[in-house]
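The structure appears below as structure tokens.
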Amino acid sequence: MENLRIDGERLWASLMEMGRIGATPKGGVCRLAATDLDRQGRDLFVRWCEEAGCTVVVDRIGNIFARRPGRNPDAPAVMTGSHLDTQPTGGRFDGVYGVLAGLEVVRTLNDADYQTEAPIEIVVWTNEEGSRFSPAMVGSGIYAGVWDLSYGLERPDNNEPGKTLGGELAAIGYAGPEPVGGRPTKAYFEAHIEQGPILEDEEKVIGIVTGAQGQRWYEITVTGQEAHAGPTPMKKRRDALVASARMIDAVNRIGMANQPNACATVGFVRVSPNSRNTIPGQVFFTVDFRHPVDAVLTKMDEELRAACATFAAETGTEAEVKEFWYFPPTPFDADCVNAVREAAAQAQFPHMDIISGAGHDAVYMARVAPTGMIFVPCADGISHNEVEDAKPSDIAAGCEVLLHAMLRSANG
Ligand code: HGY
Ligand code: MN
Ligand code: MN
Ligand code: MN
């Protein structure tokens with residue numbers, strides 16, 4: 001394996017500098033998709049890439065591609081990247097690590113004046129988090145042909161529905177001219193923190209990600225009747241929030257009943273009219289189901305629909321259960337997985353195979369190119385939280401493995 005070594009301190013310094021854009025008082029980052037803070041992060045990344053000799057293009061859903069030439073300009077590129085947008089109470093590593101590890105690979109090759117056979121591309125995917133605009137992974141999903149471009153551009157801001165992803169990208173100057181999709185790609189590798197406790201518990205430094213579990217997201221609207229909290233007898237009520245509370249408890253029970261592996265979360269609830277002395281007439285809430293086996297995701301779907309029907313009937317309310325997003329459990333490419341495993345083994349980093357609990361842009365890239373991922377531990381397995389943290393040595397190790405997995409692919 002070439003004796004190229006990444007510069008862990010430079011990578012860490014870049015992560016900390018990017019983390020200052022949208023930094024929160026508790027040490028996290030809030031840099032929501034297509035906000036001005038996202039623009040600042042994107043601009044910083046683009047400047048760094050141009051300083052590293054890359055040419056940068058932006059596609060029509062705002063995905064950024066920074067390209068370092070190889071000896072053979074016609075060879076399909078070896079691509080790496082992730083996302084710069086964060087959760088509202090996000091951290092300094094989720095997504096950003098994969099983007100800046102890609103930049104560190106390019107900087108390392110530049111330092112060594114090393115030319116790969118194939119070009120190298122670093123990508124920043126738009127709206128991976130799915131928090132401000134839903135669903136998640138919209139930039140990579142449009143790129144991979146999961147949805148058409150207009151679907152992505154029309155995504156409404158979940159808290160300010162008058163704003164759309166397309167309008168906000170234009171406002172920050174990242175509604176690019178490039179057509180979406182179709183960039184010749186030999187392989188795509190994404191480095192990411194695990195966002196769970198397994199690597200840390202098993203005392204491993206590198207996760208060889210073999211694939212990602214499937215997800216189903218729902219939007220559920222429960223409709224009852226607004227009425228006065230005082231004169232309305234309990235038996236006469238059609239309380240949408242009481243009905244929803246029973247359904248939300250059922251979501252948790254369905255998750256617990258489908259162990260091991262099932263995940264079930266209600267993360268967004270909107271009550272109307274949300275007034276202390278009016279019985280709620282309508283409640284909107286979301287459900288996020290995950291499981292590595294598709295048949296279990298289907299079973300959880302059936303259990304959810306049955307529970308909503310039961311509790312709606314019990315409370316005289318109506319429940320509309322809408323499936324909002326679905327992707328099946330997704331295996332990664334065997335050659336890419338092996339390239340990661342060999343790079344980890346040769347660097348003698350303790351490693352293990354792992355399935356991703358989180359969705360990543362790699363899940364959609366796996367539909368259009370051979371794809372692999374590299375995980376590193378994060379402190380206490382916590383992510384989507386301002387305390388998100390990682391060890392500089394693990395961050396460097398993951399980037400080292402990324403470099404050598406990419407070299408195998410770029411020169412192979
Ligand atoms: O929800 C996820 O798994 C990812 O963070 N978008
Ligand atoms: Mn992420
Ligand atoms: Mn995330
Ligand atoms: Mn993700």
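Position 1 is the first residue of the sequence, and the numbers go up from there. Order of listing sets the numbers, starting from 1, for every ligand and every atom in it.
- Heavy atoms of Glu128 found under 4.0 angstrom from ligand 1 belong to the backbone as well as the side chain.
- Residues Asn158 and Gly130 share a closest heavy-atom pair of ND2-O, 4.3 Å.
- Contacts between Arg290 and ligand 1, counted as non-hydrogen atom pairs separated by less than 4.0 Å, involve the side chain only.
- The Mn ion (ligand 3) sits nearest to atom OD2 when only the N, O or S atoms of Asp94 are considered.
- Taking 2.8 Å as the criterion, His192 counts as a coordinating residue of the Mn ion (ligand 2), since one of its N, O or S atoms falls below it.
- Annotation: angle subtended at the Mn ion (ligand 3) by Glu129 OE1 and His384 NE2 is 90°, to 10°.
- Of all the heavy atoms in Met18 and Arg31, the pair that sits closest is O-NH1, 3.1 Å.
- Relative ring orientation between Tyr151 and Trp147 is described as parallel, the plane-to-plane angle staying below 30° on a 0-90° scale split at 30° and 60°.
- Ring to ring, Tyr143 and Phe65 are close: their centroids are under 6.0 angstrom apart.
- Under 4.0 angstrom from ligand 1, the non-hydrogen atoms of Ala136 all belong to its side chain.
- When heavy-atom distances to ligand 1 are checked against a 4.0 Å cut-off, Gln87 has no atom that comes that close, whether in backbone or side chain.
- Any N or O atom pair closer than 3.5 Å counts here, and Ala358 shares no such pair with ligand 1.
- Residues Arg60 and Glu178 are not paired through a salt bridge, judged by the lack of any N-O separation under 4.0 Å between the basic side chain and the carboxylate.
- Taking 2.8 Å as the criterion, Glu128 does not count as a coordinating residue of the Mn ion (ligand 3), since none of its N, O or S atoms falls below it.
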